[in-house]
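Values below: every heavy atom of this structure, side chains too, minus hydrogens, waters and symmetry copies.
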Amino acid sequence: MLSHTPDLPEQINDWEFIELWGDPIVFPPRILMLVSGKNGGFCIYDPSTNYKSLFLSSTYDEAHSWLLEDEYERCDGRLFAAEIA
């Protein structure tokens with residue numbers, strides 16, 4: 001399978017965790033990624049548009065609110081960088 005994302009081993013030092021969020025109203029569901037950077041920033045990416053950055057925030061609460069505003073729902077769990085190293 002082809003992927004537009006950089007190799008995860010190269011990115012392991014740049015992020016802390018990833019959450020997947022979905023819009024359950026549309027079919028197929030639109031999926032977004034909330035990525036926590038180790039520098040304290042939070043970015044929301046759209047995998048369907050070559051991982052285009054949609055929103056950048058300095059706090060988790062701002063990113064979380066942005067997703068909830070558009071009625072996205074968080075998928076269960078978080079993927080931590082330390083777990084895949």
Side-chain angles (χ1 to χ4, degrees):
M1 180 166 82
L2 297 176
S3 175
H4 298 287
T5 59
D7 292 331
L8 285 178
E10 293 176 14
Q11 300 298 316
I12 197 75
N13 294 323
D14 296 335
W15 59 280
E16 186 176 348
F17 67 82
I18 295 173
E19 293 179 351
L20 295 180
W21 289 73
D23 181 352
I25 296 173
V26 298
F27 185 82
R30 182 175 182 203
I31 303 295
L32 299 179
M33 295 171 51
L34 170 58
V35 179
S36 167
K38 285 194 173 183
N39 63 357
F42 297 86
C43 191
I44 298 172
Y45 296 98
D46 184 350
S48 69
T49 60
N50 203 21
Y51 296 88
K52 177 182 173 187
S53 175
L54 300 177
F55 185 78
L56 183 60
S57 170
S58 60
T59 68
Y60 177 83
D61 288 338
E62 288 176 356
H64 182 258
S65 294
W66 188 88
L67 288 160
L68 291 177
E69 185 176 295
D70 287 338
E71 299 184 4
Y72 281 86
E73 295 179 3
R74 189 180 126 190
C75 300
D76 290 337
R78 282 184 176 167
L79 174 63
F80 289 91
E83 293 177 352
I84 63 167

- Query: About how many Å separate CD of E73 and CH2 of W21, when rounded to the nearest 0.5 Å?
  - Reply: 9.0 Å
- Work out which heavy atom in C75 is nearest to a heavy atom in G22; give both atom names and the distance. SG-N, 4.5 Å
- In sequence, state the C-alpha distance, the side-chain angles, and the governing distance for E19 and R78, and then conclude on salt bridge (charged side-chain N to carboxylate O under 4.0 Å, His left out). CA-CA 5 Å; E19 293 179 351; R78 282 184 176 167; 2.6 Å; yes
- Treating Ile, Leu, Val, Met, Phe, Trp and Tyr as nodes and any side-chain heavy-atom pair under 4.5 angstrom as an edge, say whether L79 and I31 lie in one connected cluster. yes
- Would you give the length of the straight line joining atom CG of D70 to atom CZ of F55, rounded to the nearest 0.5 angstrom? 10.5 Å
- Take V35 and Y51 through the test side chain to side chain contact (heavy atoms under 4.5 Å, CB included) and record every step on the way to the result. CA-CA 11 Å; V35 179; Y51 296 88; over 6 Å; no
- Rounded to the nearest 0.5 Å, what's the gap from CZ on F17 to OG on S36? Could you check? 4.0 Å
- Task: Please round to the nearest 0.5 Å and tell me the distance separating atom CG of L32 and atom NZ of K52.
- Result: 11.5 Å
- Query: What distance separates L54 CG from L34 CG, expressed to the nearest 0.5 Å?
  - Reply: 11.5 Å
- Query: Hey, are the side chains of D14 and K38 touching, using non-hydrogen atoms and a 4.5 Å cut-off?
  - Reply: no
- Go through the steps to decide whether L20 and M33 satisfy the test side chain to side chain contact (heavy atoms under 4.5 Å, CB included), and finish with yes or no. CA-CA 5 Å; L20 295 180; M33 295 171 51; 3.6 Å; yes
- Query: Do the non-hydrogen side-chain atoms of L56 and W66 ever get within less than 4.5 Å of each other?
  - Reply: no
- Would you indicate whether the side-chain heavy atoms of D46 and R30 approach each other to under 4.5 Å? yes
